[in-house]
Amino acid sequence: MASISPSLLSLLLFARVSALIVAVLVLIWALSYKSSFHPRSHSQEDLIYAVLHPLLMVIGFILISGEAILVHRWLPGSRNSKKSVHLCLQGVALASGVFGIWTKFHGEDGIVANFFSLHSWMGLICISLFAFQWLMGFLSFWHRGEVRTIRVRILPWHVFVGLYTYGLAVVTAETGLLEKLTFLQTKGIVLKHCTESMVVNSLGIGLALLCGIVILAAVLPKHQTPQSKIMYSNGKCSSS
């Protein structure tokens with residue numbers, strides 16, 4: 001009888017630890033260095049929106065969507081229950097991503113000013129792909145009128161687009177960290193050799209590590225089958 005692969009169990013545990021570290025780092029950065037997020041404004045409202053952006057995009061969007069991917073790997077129960085939890089978690093991640101982008105547009109710079117960086121372009125592409133993926137997943141896997149053969153055809157593309165979008169979200173976050181840290185260091189607000197720089201760099205490494213673990217756990221076989229024992233008798237090979 002097939003059993004859960006020990007390597008998969010280790011990856012799932014490592015993914016949770018990595019996600020926890022990433023969450024702690026982004027909370028430390030957002031709550032301990034609030035002045036770095038909107039140094040040009042003295043408005044408390046602008047500061048709150050600026051701090052909410054990384055919290056919603058990292059914890060609400062990336063971490064929750066990563067957990068939704070891992071649901072199929074660890075959650076016990078029927079396939080319908082797994083798909084239901086997966087869909088709900090992805091819905092929460094989508095709502096967090098949309099609200100996170102809205103907080104960025106709500107600042108004093110306005111909407112147009114946020115369309116001139118690679119980070120913003122990638123973010124809009126990522127959230128659009130994610131919304132399309134969520135809608136297609138809902139229609140393909142939860143609409144009772146769908147034919148099973150259509151769902152089977154869509155499944156590989158659903159998995160590919162899902163993992164690609166998750167990876168793109170992490171890369172987008174990395175460009176945002178680089179953009180923010182470069183701006184702060186260029187303006188002399190943050191030194192290159194200081195605690196805040198170390199926190200941001202560690203956050204970037206943690207996100208890259210988490211991305212690799214989640215994707216590997218998603219593609220790794222879930223079960224291991226007992227290996228056949230090879231026995232040799234009379235110069236012939238037989239298995240049992």
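- Distance alone, capped at 3.5 Å, places no donor-acceptor pair between the Ser197 side chain and the Leu181 backbone.
- Between Leu87 and Trp134 there is a side-chain heavy-atom pair separated by less than 4.5 Å.
- The shortest side-chain heavy-atom distance between Phe14 and Leu209 falls under the 4.5 Å cut-off.
- For the side-chain contact (heavy atoms from CB on, under 4.5 Å) criterion with Leu207, the lone passing option out of Leu25, Val58, Ile21, Val26 is Val58.
- When side chains are defined from C-beta on, Leu63 does not count as touching Glu67, because their heavy atoms never get closer than 4.5 Å.
- Leu129 and Leu89 fall into different hydrophobic clusters, where Ile, Leu, Val, Met, Phe, Trp and Tyr are joined by side-chain heavy atoms under 4.5 Å apart, directly or via other members.
- Between the side chain of Thr103 and the main chain of Gly100, a donor-acceptor pair closer than 3.5 Å is present.
- Applying the 6.0 Å contact sphere to OH of Tyr33 captures more than 12 heavy atoms from other residues, nucleotides or ligands.
- Classified by interplanar angle (parallel below 30°, tilted 30° to 60°, perpendicular above 60°), the ring pair Phe160/Tyr164 is parallel.
- Summarising the geometry of Ala217 relative to Leu70, their closest heavy-atom pair is CB-CD2, 3.7 Å, with the distance given to 0.1 Å.
- Between the side chain of Ser65 and the backbone N or O of Phe61 there is at least one donor-acceptor pair closer than 3.5 Å.
- Two residues are said to be in side-chain contact when any heavy atoms from C-beta on lie closer than 4.5 Å; Val22 and Ile62 fail this criterion.
- When all heavy atoms of Gly167 and Cys211 are compared, the closest pair comes out as CA-SG, 3.9 Å.
- Residues Val51 and Leu47 meet the side-chain proximity criterion, which asks for heavy atoms closer than 4.5 Å.
- Aromatic ring pairs are classed by plane angle as parallel below 30°, tilted from 30° to 60° and perpendicular above 60°; the pair His86 and His158 is perpendicular.
- By the 4.5 Å heavy-atom criterion applied to side chains, Leu55 and Leu27 are counted as neighbours.
- Taking every heavy atom of both residues into account, Phe130 and Ala93 meet most closely at CZ-CB, 4.0 Å.
- Within the 4.5 Å cutoff, side-chain heavy atoms of Met57 are placed close to those of Ile101.
- Side-chain atoms of Val200 and Lys180, non-hydrogen and from C-beta on, never get closer than 4.5 Å to each other.
- Residues Ile127 and Leu118 are members of separate hydrophobic clusters, defined by side-chain heavy-atom contacts under 4.5 angstrom among Ile, Leu, Val, Met, Phe, Trp and Tyr.
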